[in-house]
There are 2 protein chains.
Amino acid sequence: MLAAAAAVNSPHHARPLRSSIASEGPFGMIGAPMRFARNAEIYGEDEPADFLYQVISGVVRTYRMLDDGRRQIGAFYLPGDVFGFEATDVNLSTAEAVNDVRLLVVKRSSVTARAEHERDLASRLWMLTMRELQRVQQHSLVLIKSAEERVAGFLIEMAGRQSGQSAIELPMSRQDIADYLGLTIETVSRTFTHFAQTGVIALETARRIRFCNRAALNRLDA
Amino acid sequence: MLAAAAAVNSPHHARPLRSSIASEGPFGMIGAPMRFARNAEIYGEDEPADFLYQVISGVVRTYRMLDDGRRQIGAFYLPGDVFGFEATDVNLSTAEAVNDVRLLVVKRSSVTARAEHERDLASRLWMLTMRELQRVQQHSLVLIKSAEERVAGFLIEMAGRQSGQSAIELPMSRQDIADYLGLTIETVSRTFTHFAQTGVIALETARRIRFCNRAALNRLDA
DNA sequence: CGCTGAATTGACGGACATCAAGATGTGTGG
DNA sequence: CCACACATCTTGATGTCCGTCAATTCAGCG
């Protein structure tokens, strides 16, 4: 309800009720907390890129549409992650809530202004950007591998990011995974089944995956 | 001669004779000029990432090796471009000279030190990093397209970067192009000939390409 | 002029996309 | 609480783009 109501307003129009409710994140980001319902748009292409975001809870996807209608998901952002780095003053990608999401939103200009005298804030920002750069580079390596390698790598990545126990909950759909890995939904599904048949994983539900043979999975990652 | 001699010494060991020969680049980078012969290594994986580089002349490629022996070229850097941004303190990629290259080399720590009081140097660095981020994102979009789209996009990219006349000189081999686009050398070659047969380009030599139908090329880029 | 690496061209096969149908899961209203 | 509707996921059959293997041509250089 509340989430849905908040979601219809992009953060560019919404304004926090009082600055006293602003929270401070682990990266020194002071910002307004906001909520977005499942599949709500957080920002869109061609909008001014005026904000930085930190995920409090939930998962965010960013993507770009290709002219032929295909969708390439560039990243999934999990709690703690910061996103919204854009080189230009308009967004080149769209951000959406994969499930219900709470974010910390901060104006970019206010961060850069503060970075002028807080020297280590500037270097933290630079570091975050370079981490993001590294992540994208890593991801582009994935896109030239085989379908099995991509899916195995994806599972390992996800396990590593959510306090990797022996089982993980996937918040995103098969279509999301496919668009992230540059595959089709069918190929992703088939690969999952194949992993299950060979005893590498168990599909407790479609979205809940148990790791039965971590070594085999690492080998498949190549 | 001189180039080859300089190339055997990585910049981490070489030291500029006198700081008075240091030059100032367009990005405020003050650094030592260095030369590298064709195919010489500028820096390697697992070496400490202590330097930033600006291309004065020539072309540089950066790549990462996959476990199966394949090579993924992440970028070609042309005169004016700055490279060497690494999130970790060791390099994750290798940089090599595509042809004979002259570079400006600057210690990273000296840049960050100067950025502490020169506020706009810090923001320039951040901007450069975000540009690089954007470039990598763009490139990862390429990797999910068809072979024709990748090659067309590559030609357009290259034309745009070297004062795009109606013809361009490709400094890199077909293998380099293939490893950049995630294709095989045969597919790249076949696509070139196909473009030539359909009158989109003309192969004046294998490395010199004339654009005969820019509109068609843009259409092929998708 | 022959040698060597780079580029081209051809034949073939395989991995993944596409098309199509069926199974499973989920939310909603009676 | 059940039943229906709709979305998501799975499974199967078929096609195609591009990788692989192999041979030939071309360009640069002693």
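Both backbone and side-chain heavy atoms feed into the values below; hydrogens, waters and symmetry mates do not. Each chain gets a letter, A, B and so on, in the order the sequences are listed, and its residues count up from 1.
- Minimum heavy-atom separation, A/Gly31 to A/Leu104: O-CD1, 4.0 Å.
- Distance, A/Leu170 CG to D/dT10 P: 11 Å, rounded to whole Å.
- Among the atoms of the strands shown, base atoms are found under 4.0 Å from some heavy atom of A/Thr184.
- In this structure, B/Phe76 and B/Leu170 have side chains that are not in contact, with every pair of non-hydrogen atoms separated by 4.5 Å or more.
- Atoms CG and OH, from B/Asp176 and B/Tyr63 in turn, are 10.0 Å apart once rounded to the nearest 0.5 Å.
- Using a 4.0 Å heavy-atom cutoff across all strands shown, B/Arg207 reaches sugar-phosphate atoms only and no base atom.
- Residue B/Thr205 is classed as having no contact, given no heavy-atom separation below 4.0 Å to the nucleic acid.
- Atom-to-atom, CD of A/Glu149 to P of C/dA15 comes out at 12 Å; the value is rounded to the nearest Å.
- A side-chain donor-acceptor contact under 3.5 Å links A/Glu86 and A/Ser93.
- Taking every heavy atom of residues 185-199 of chain B and every atom of DNA chain C, pairs under 4.0 Å involve B/Glu186, B/Ser189, B/Arg190, B/Thr193, by number.
- Rounded to whole Å, atom P of C/dG25 lies 12 Å from atom CZ of A/Arg174.
- Summarising the geometry, atom CD belonging to B/Glu96 is positioned 11.5 Å from atom CZ belonging to B/Arg38; distances are rounded to the nearest 0.5 Å.
- In this structure, CG of A/Leu183 is placed 16 Å from C1' of D/dC9, rounded to the nearest angstrom.
- Between B/Arg61 and B/Asp179 there is no salt bridge, since none of the side-chain N atoms of the basic residue sits less than 4.0 Å from a carboxylate O of the acidic one.
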